[in-house]
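A quick note: this is a predicted structure, and the numbers were derived from the prediction, not measured.
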Amino acid sequence: MTTPQCNPKASYLAHSDAIDQAMKRVLDSGRYILGEECEAFERSFAEFCGVGHCIGVASGTDAIELILRALGVGRGDLVATVANTAVATVAAIERAGATPVFADIEDGFVLSPESLDSLLASTKGVKAVVAVHLFGLCADMDRLSAVTSKYGIPVVEDCAQAHGAVCSGRRAGSIGVAGAFSFYPTKNLGAFGDGGAITTGDAALAERIRALRQYGWRTRFISSEPGVNSRLDELQAAILNVKLASLDDGNDRRRAIAGIYFDGLKNRLGLENLPHDLPGRRHVYHQFVIRVRRRDEVKKELDSLGVGTAVHYPVPVHLQPAFKDRIRICVPLSKTEAFNDEILSLPMFPELPPDCARSVVDAIGKAIR
Ligand SMILES: *Cc1c(COP(=O)(O)O)cnc(C)c1O
């Protein structure tokens with residue numbers, strides 16, 4: 001018996017009747033792109049996040065790219081973000097035509113406002129910041145906006161791992177100028193294919209993104225500016241309409257599993273090596289990432305004990321083969337690099353039985369002995 005690190009099929013099985021019916025409804029409707037399901041999802045997800053506007057797109061990567069383009073960010077501009085993220089964050093910045101620059105992280109694995117401040121003070125041409133709410137914890141948006149407001153730069157939220165997370169009473173995606181969401185199957189809100197969405201309170205920005213996602217059309221067949229094809233299809237939207245209803249419940253289950261891990265491991269690993277809520281910030285545990293010494297050996301040992309783990313991510317973006325020779329390093333990325341050899345993601349998905357989580361704790365006890 002092994003415990004997988006994640007299990008997207010379990011989320012299908014938990015809702016299979018409703019999902020099968022929703023898919024059938026779409027197939028019978030004859031409308032497969034930008035129809036009622038997408039519109040309904042956009043309305044419900046905007047309400048869930050507490051924003052005025054939501055635009056469904058084809059992926060989380062597209063969501064980031066389209067926000068940047070709609071903000072007027074492009075060739076010759078720099079965009080600041082972190083290097084310990086899905087390569088997607090940085091790929092999206094480059095696809096918008098801009099150049100990524102990196103700031104360091106703080107405890108909780110999220111963008112450090114102090115490091116961002118020294119980056120912005122020393123580097124000219126940064127037009128936007130992409131703050132990644134990594135592993136389900138929001139970056140400290142209050143401290144970040146205190147920094148960026150000095151420079152008059154907008155903060156885009158990468159919410160791909162933070163559906164439902166809260167910072168200072170506001171949900172991820174409602175705090176910065178806009179939020180980018182991914183519905184990749186393993187995310188806290190996952191489709192069964194690719195999908196994404198953009199949330200914003202800015203009506204003009206939303207209107208421009210709506211045009212950009214479909215060839216720059218404001219009127220059908222008339223491109224008012226160059227756009228792309230990035231739409232949330234009706235099948236994925238129908239699945240998301242079913243699954244959105246249980247997102248809060250799924251996040252509560254993740255938090256319960258995190259509680260079992262935290263209580264079982266705090267005496268062995270120390271609080272600083274375990275994820276937890278921070279003041280004003282409610283974690284939704286997309287991943288439960290611990291820091292351990294001899295990480296690769298511990299991972300192997302857990303493997304042999306039947307516990308699946310993962311490393312998110314094995315190589316920071318600025319050291320990846322596709323980036324390392326051309327990335328401009330402006331400020332030290334000391335914590336990004338130091339944490340990187342120690343991180344280990346434990347099994348985490350809403351359907352993981354609490355008993356399995358307790359066995360994971362026991363296995364870690366053996367593996368780190
Ligand atoms: C998954 C993810 C993305 C990209 O989303 P896709 O839908 O796969 O394009 C972007 N940023 C982060 C932090 C992610 O985890």
Side-chain angles (χ1 to χ4, degrees), residues 5 81-86 102-118 131-144 146-147 158 161-162 165-168 172 251 254-302 307 309-319 331-348 357-358 360-369:
Q5 201 271 327
T81 190
V82 290
N84 68 328
T85 182
F102 297 106
D104 206 7
I105 55 172
E106 59 182 2
D107 291 337
F109 302 112
V110 289
L111 178 58
S112 154
E114 290 76 26
S115 175
L116 180 67
D117 201 1
S118 54
V132 181
H133 302 326
L134 199 73
F135 304 145
L137 179 72
C138 286
D140 190 337
M141 294 296 287
D142 296 338
R143 279 163 60 233
L144 285 177
V147 170
D158 181 342
Q161 302 190 3
V166 175
C167 177
S168 300
N251 283 343
R254 287 174 185 269
R255 288 175 57 82
I257 295 161
I260 293 171
Y261 287 159
F262 187 87
D263 292 340
L265 296 172
K266 63 181 183 232
N267 293 331
R268 289 176 179 279
L269 291 178
L271 304 189
E272 69 282 10
N273 296 314
L274 293 171
H276 44 80
D277 288 333
L278 290 172
R281 284 184 278 167
R282 185 181 155 92
H283 210 310
V284 291
Y285 298 100
H286 174 60
Q287 301 294 353
F288 191 95
V289 177
I290 63 172
R291 284 168 47 207
V292 283
R293 276 175 299 141
R294 305 169 29 248
R295 190 264 322 276
D296 293 339
E297 287 163 55
V298 171
K299 185 176 192 320
K300 246 188 230 144
E301 176 84 23
L302 286 171
V307 174
T309 58
V311 176
H312 299 100
Y313 296 92
V315 182
V317 180
H318 67 294
L319 301 176
V331 295
L333 303 177
S334 324
K335 275 197 169 164
T336 304
E337 292 178 5
F339 289 171
N340 210 72
D341 296 336
E342 303 178 345
I343 48 178
L344 188 64
S345 307
L346 303 188
M348 178 55 82
R358 283 184 273 273
V360 170
V361 168
D362 295 340
I364 290 172
K366 289 184 192 139
I368 63 176
R369 194 183 34 211

Quick one: list whatever passes salt bridge (charged side-chain N to carboxylate O under 4.0 Å, His left out) with [X], sequence neighbours left out.
X    : result
D140 : R143, R281
E297 : R294
D107 : K335
R282 : D252

Are any non-hydrogen side-chain atoms of [X] and [Y] less than 4.5 angstrom apart?
X    : Y    : answer
L111 : T81  : no
S115 : E106 : no
L274 : F288 : yes
H276 : L278 : yes
L134 : V289 : no

| request: Using atom types as modelled and distance alone, determine if a side-chain donor or acceptor of K299 lies under 3.5 Å from a backbone N or O of L344. | output: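 No: the side chain of K299 does not pair with the backbone of L344.
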For the atom pair [atom1] ([X]) and [atom2] ([Y]), what is the distance rounded to the nearest 0.5 Å?
X    : Y    : atom1 : atom2 : result
M348 : T309 : CE    : OG1   : 13.5 Å
L346 : I290 : CG    : CD1   : 4.5 Å
H318 : N84  : NE2   : CG    : 10.0 Å

Nearest non-hydrogen partners of [X] and [Y], listed with the distance:
X    : Y    : result
V132 : A139 : O-CB, 4.3 Å
N251 : V284 : ND2-CG1, 3.6 Å
V110 : L137 : CG1-O, 3.6 Å
A83  : T336 : CB-CG2, 4.1 Å

Restricting to side chain to side chain contact (heavy atoms under 4.5 Å, CB included), what partner residues turn up for [X], sequence neighbours left out?
X    : value
Q5   : Q287, A310, H312, S345
A162 : H133, A165, A172
V317 : T85, V87, V90, F102, F323
S334 : D104, P332

Only pairs under 3.5 Å count here: list side-chain donor-acceptor contacts from residues 254-270, not counting sequence neighbours, and write none if there are none.
| residue | atom | partner | partner atom | Å |
| --- | --- | --- | --- | --- |
| R254 | NH1 | Y285 | O | 3.2 |
| R254 | NH1 | H286 | O | 3.3 |
| R255 | NH1 | D277 | OD1 | 3.0 |
| R255 | NH1 | D277 | OD2 | 3.4 |
| R255 | NH1 | H283 | O | 2.9 |
| R255 | NH2 | D277 | OD2 | 3.0 |
| Y261 | OH | P347 | O | 2.7 |

| field | Listed partners of R291 passing side chain to side chain donor-acceptor pair (under 3.5 Å), at least two apart | value |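 R291 satisfies side chain to side chain donor-acceptor pair (under 3.5 Å) with E342 once adjacent residues are dropped.
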| field | Contacts of type side chain to side chain donor-acceptor pair (under 3.5 Å), residue R358, not counting sequence neighbours | value |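 R358 satisfies side chain to side chain donor-acceptor pair (under 3.5 Å) with D355 once adjacent residues are dropped.
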| said: For F339, give me all partners under ring pair (Phe, Tyr, Trp, His ring centres under 6.0 Å), at least two apart in sequence or on another chain. | reply: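 So F339 forms a ring pair (Phe, Tyr, Trp, His ring centres under 6.0 Å) with F109.
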